[in-house]
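Here's the structure, in structure tokens; my notes come after.
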Amino acid sequence: MLSAKILERSGYLRKQCPLCKSYFWTLRHDQVYCGDQPCVPYGFIGSPPVKVAVDSLTELRERFLRFFERRSHARIKRYPVVARWRDDVYLVGASIYDFQPWVTSGAVPPPANPLVISQPSIRLTDVDKVGRSGRHLTGFEMMAHHAFNYPDKYVYWIDETTEYAYEFFTKELGIPPEEITFKESMWEGGGNAGECYEVLVRGLEVATLVFMHYETKEGKYVELPLKIVDTGYGLERIYWLLKGTPTIYDAVFGPFLDRARQKLGVPEPPAEVMGKASIYFGQMDPEVIGLEKAYDLIAEKIGVDGKWLREVFRPQEALYVLADHSRTVSWMIADGVIPSNSGAGYLARLLIRRILKNLKLAGIEAPLVELIDMHLKELKADYPEVWAARDLILELVDLEERKYKEMLKSAPTVVKKALDEARRKGAASLSPDDLVALYDSFGLPPEIVADVAKTQGVEVKVPDDFYSRLAARHAKKEKQPESTLVEMAKVIDLPRTRELFYEDPYMRSFKAKVLRVVDGKYVVLDQTAFYAEGGGQPGDVGVLKYSGGAAKVVDVQRVGHVIVHVVEGQPPPEGAEVVGEIDWERRYALMKMHTGTHVLIQSIRRVLGPHIWQAGAQKDIPSSRLDVTHYKLPTPEEVAEIERLANSTVQANLPVYVKIMPRNEAEAKYGFILYQGGVVPAREIRVVQIGPDSDPYDVQACGGTHLKSTGEIGIIKIQKVERIADGVVRFIFTTGLHALSYIQELERQLGQAAQVSGGSRDNVVEAVKRLASRAEEAERKWRRYAELYAKQLAQSLKAEQVGRYKLAVVELDDEDLAKKVAEETTGKDKDLVLVVLGGNKLSIFTGGVDVAPIVKSLREVGFRGGGSRTFAQGVYSGDVKTLIDALRKALS
RNA sequence: GGGCCGGUAGUCUAGCGGAAGGAUGCCCGCCUUGCACGCGGGUGAUCCCGGGUUCGAAUCCCGGCCGGUCCA
């Protein structure tokens, strides 16, 4: 039982729902059901529970935040929707995501305690229901207050949290207490769990109050030292409740929908029908009973024609999808997501394609860019950062729309091909498996396939379970856990290795003591200057010298809190004193690469735009690579500009500072742009800053070894840019002396090319062009003469009459020429059998003579080969004369 | 990161073990006041690259590269 003082004090009763068996608290003696979907229908549509003047989402959000500020919560700025501080999810799906895992695990203190926030969140789990159910959104704001209770610092818990909710809904919003139901439930997610209240008003869940205090381990609940108040108030849901509109979309996107309807000439939906449908839709799950059946059921309940209902609904649904998805996509792009075929980018593409598909199926023809631009103007006030990314959003949407149209254009051909194939196999239409294959390989949604097939006169039935079939095809494979170099258990008792490479990145040799040797090749020291692989920088190599020998260090890895040296040769004995020497030339080159990477990504960002984020990087010699998010291959001019900017930064010889900072402080000061290299798992993070405090060029969280100043990089040379995936561009570059070698190599090749082409270095291009045109000319001439020669040969060909056929034998080594001769002769004379001999190869060309019996007889005398009706080819062994005789015999 | 599909004239596409075919474009001519259409002729392809199987590979197999798409 989950109880709260405010409920008991106010006279709430605890009851059990006869349908879902949940326990709930209510003031109404006559309330039987829990008040949640699907046990009860919505009761607020057309008649909201209060007449309170809340005119916009902005106002509601502000009232919520102020309400908690007045109750001593610190207001926190919203986090990005892209969860760059986590490696387990792409997008933020709830306000608590902002604090997982570092705060929730207790490793990092929260930015304030208690705090209040309104966090834009994205959830794609119910994406198929958006636009249809009347209440599902892919993007929403979760308004939340959080309190983190530590063993030594208590903030507040169930009683206060419930009272806040009670007061917010009753006093701030003026909802009568008897309208509010608190349903008890259990919440689980992200490895944590706890009891919770679902706050319900007239059938709509408007908030969830989670009391998180368990960790889930092997299916069991383990009490956490930290007790976290995790609440979520749905901004859009509450606004809908207050407005009582037929769907949540009408409430949230009302002004936009009006303008869109006007522009597209889509009539206002009949509010009463929409409202009723929304209520019924809320109570059924179209995935389970099937969408078509759901429509029919609803039509029946409302008392209208099913076909009519569909016609009314389809364009409205399309607009709802447009409104919801376009806001979500805008959030994503503004946060640096580039639509692509993998990663978070795929999710953005998915949403854009869903919009396009729905508009098309509803028969709405309008450029998506214009519709989205219209929406952006509505979003401007609430989301200024979205407005700032307007140009990028529109460009990317336009790009996606064009790609999608391109795909649709290919649809008739693809569908026709699939139909032909199906017919060949004896099927009259496309099977569900065919549809899945078409979607998988070409991205053609089954509805569109059905549409296209119809125009080709074939009915295709789209199965209701299409998407689960698709899922089955992509059944997950077991991911094998990454094996660590050395079993953690074998080094867990050792003290943390002292990291000399951080204390002095320029240290080349050091003295240390051998603490342990595992399996004769893994050496752990008490301290080391060998950098352990991490952050895209390879581990160092070098040597460990000790009295009586030396061992080569070939790799260095972190295992837990110690650093393991992988050695070849006789390892030093445990307890020995060693002198470690690192391969400084290599290491120094890698430092140039690493600092160079930071300079480069910032230069790319400054040239191409703020949507540039690191998508991966590997430092190596002689070349390194840096993958960034960008939607097209940069032009040679852009690359040149990036190089110029990067090298002027090198020349400016900016200082490079490394600071260890508390996570919250660093995030507050620099923002999430810190996390270019991925997740940094620590309470304190290592910040690498290039340039002075007053005007830093670049700041990143990074665990690598860096130079003291950018001048040491020497030079940054981009060698190649390539698109490794949609939305990801790879820069291959080099620095320092490796860059010099590269340039020298280019020069050497240029010199050679000049020599071969007979020009000088200054005019190689001219010389090569000349060569190419000469080659072309020669080719043309060769063709002409070959043609002439073939004609000549054809004319001088002596054919002997054999039976009713003519036989000609010619010796030719050139297959192309032989073909030409054959064209000349067999085309004119249908009775001619032309035999071309070349080496031990033999070809027979005829104009119309069946070659099969000839080949058969030739095989008997050493010929191996075959061919079509009028052509044969093969090799022979033995005497030519025998062969020709056999031929004559076969012909006559 | 993984699965699926594909890569043949400038562009689109057929062929899927036996002489690389069509459409469109381009060039020339005819028709026309001119353009477009129409007609006749011509031009244009290392069948993505490398290896293997075969007498013979665009076609089958293996490995790359590139593109598309779906799923994480």
Side-chain angles (χ1 to χ4, degrees), chain A residues 87-91 124-125 127 339-347 349-350 353-354 400 402-404 406-414 416-418 420-421 424 433-446 448-449 466-480 482 615-616 627 633 720 722-728 730 775-776 779-780 783-784 787 790 815-827 834 836 838-848 851-852 855 858-859 862-877:
Chain A
D87 57 8
D88 53 339
V89 290
Y90 292 120
L91 302 167
L124 298 183
T125 40
V127 66
S340 78
N341 62 349
S342 62
Y346 175 66
L347 303 178
R349 171 168 290 172
L350 182 81
R353 296 209 160 178
R354 278 183 52 86
E400 286 299 308
R402 268 186 282 155
K403 277 190 185 212
Y404 189 75
E406 201 62 39
M407 188 197 79
L408 286 185
K409 236 172 68 186
S410 71
T413 326
V414 172
K416 189 176 181 301
K417 224 185 246 182
D420 288 347
E421 181 70 13
R424 221 171 45 81
D433 281 345
D434 293 335
L435 289 177
V436 171
L438 284 174
Y439 185 62
D440 232 12
S441 303
F442 303 102
L444 281 175
I448 301 232
V449 173
F466 178 79
Y467 289 93
S468 44
R469 276 170 188 269
L470 190 70
R473 193 175 161 115
H474 291 280
K476 270 186 224 160
K477 267 188 228 157
E478 286 286 315
K479 261 188 198 166
Q480 46 200 34
E482 271 180 59
D627 301 340
L633 199 64
K720 194 180 176 189
E722 54 187 348
R723 264 163 51 102
I724 58 163
D726 246 4
V728 182
R730 171 167 294 173
E776 212 178 307
E779 171 84 14
R780 246 200 313 273
R783 258 178 219 285
R784 213 163 54 231
E787 207 79 47
E815 262 183 72
D816 285 336
L817 198 55
K819 273 181 202 166
K820 281 186 199 300
V821 175
E823 273 167 30
E824 282 293 327
T825 53
T826 58
L834 176 69
V836 179
N840 65 335
K841 281 188 186 159
L842 180 150
S843 312
I844 304 169
F845 301 88
T846 78
V851 106
V855 170
L858 286 183
R859 283 218 187 90
F863 175 79
R864 288 177 64 211
S868 63
R869 260 187 89 75
T870 61
F871 170 76
Q873 195 180 47
V875 291
Y876 65 90
S877 54

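In what follows, chains carry the letters A, B, and so on, assigned in the order in which the sequence lines appear, proteins first and then strands, with residues in each chain numbered from 1.
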So, do [X] and [Y] sit near enough that their side-chain heavy atoms are less than 4.5 Å apart?
X	Y	result
A:V836	A:F845	yes
A:V851	A:T870	no
A:D434	A:V449	no
A:Q873	A:K841	no
A:V821	A:L834	yes
A:F863	A:V855	yes

Under 4.0 Å between any heavy atoms, over every strand shown, what does [X] touch: base, sugar-phosphate, or nothing? Just pick one.
X	answer
A:S340	nothing
A:G867	base
A:Y439	sugar-phosphate
A:S843	nothing
A:R859	nothing

When the distance from [atom1] of [X] to [atom2] of [N] is rounded to whole Å, what number comes out?
X	N	atom1	atom2	value
A:D627	B:G1	CG	C1'	13 Å
A:D440	B:C4	CG	C1'	5 Å
A:L435	B:U69	CG	P	19 Å
A:L817	B:A19	CG	P	18 Å
A:K416	B:C12	NZ	C1'	15 Å
A:Q873	B:U54	CD	P	16 Å
A:D433	B:C70	CG	P	18 Å
A:L438	B:G68	CG	P	19 Å

For the [atom1] atoms, the ones on [N] and on [M], what distance do you get once it is rounded to whole angstrom?
N	M	atom1	result
B:U69	B:G15	P	24 Å
B:A45	B:G3	C1'	33 Å
B:C60	B:A72	C1'	33 Å
B:U24	B:G41	P	14 Å
B:C16	B:G6	C1'	14 Å
B:C70	B:G63	P	25 Å
B:A19	B:C37	P	36 Å
B:U53	B:C62	P	15 Å

As a test of reading the structure: which of [options] is closest to the side chain of [X], going by heavy atoms?
X	options	answer
A:R353	B:U69, B:A72, B:G18	B:U69
A:S868	B:C5, B:G18, B:U69	B:G18
A:R349	B:U69, B:G18, B:C5	B:U69
A:S441	B:C5, B:A19, B:U69	B:C5
A:E722	B:A19, B:C66, B:U69	B:C66

Can you tell me the Watson-Crick or wobble partner of [N], both distances under 3.5 angstrom?
N	answer
B:G40	B:C28
B:C60	B:G52
B:A45	none
B:C16	none
B:C4	B:G68

Once you round to the nearest 0.5 Å, how far does [atom1] of [X] lie from [atom2] of [Y]?
X	Y	atom1	atom2	answer
A:I448	A:Y404	CD1	OH	4.0 Å
A:N840	A:Y876	CG	OH	7.0 Å
A:R349	A:E400	CZ	CD	4.0 Å

[N], OP1 or OP2 - any side-chain N/O from [X] closer than 4.0 Å?
X	N	value
A:K403	B:G68	yes
A:R869	B:A19	no
A:K820	B:A19	no

Most 5' of A:L347 and A:A818 on RNA chain B, judged by nearest nucleotide: A:A818
Want to settle it: does A:V875 or A:K819 sit nearer the 5' end of RNA chain B, counting the closest nucleotide to each? A:K819
Show me the protein contacts with nucleotides 41-46 of chain B, counting only N or O atoms at under 3.5 Å.
none

Has A:R859 got a side-chain atom pairing as donor or acceptor with A:G865's backbone, closer than 3.5 angstrom? yes
Just by modelled atom types, is the A:V127 backbone N or O under 3.5 Å from a matching donor or acceptor in the A:R354 side chain? yes
Pick out the pairs of N or O atoms, protein on one side and nucleotides 13-15 of chain B on the other, that lie under 3.5 Å.
from  : atom 1 : to     : atom 2 : distance (Å)
B:A14 : OP1    : A:K417 : NZ     : 3.1

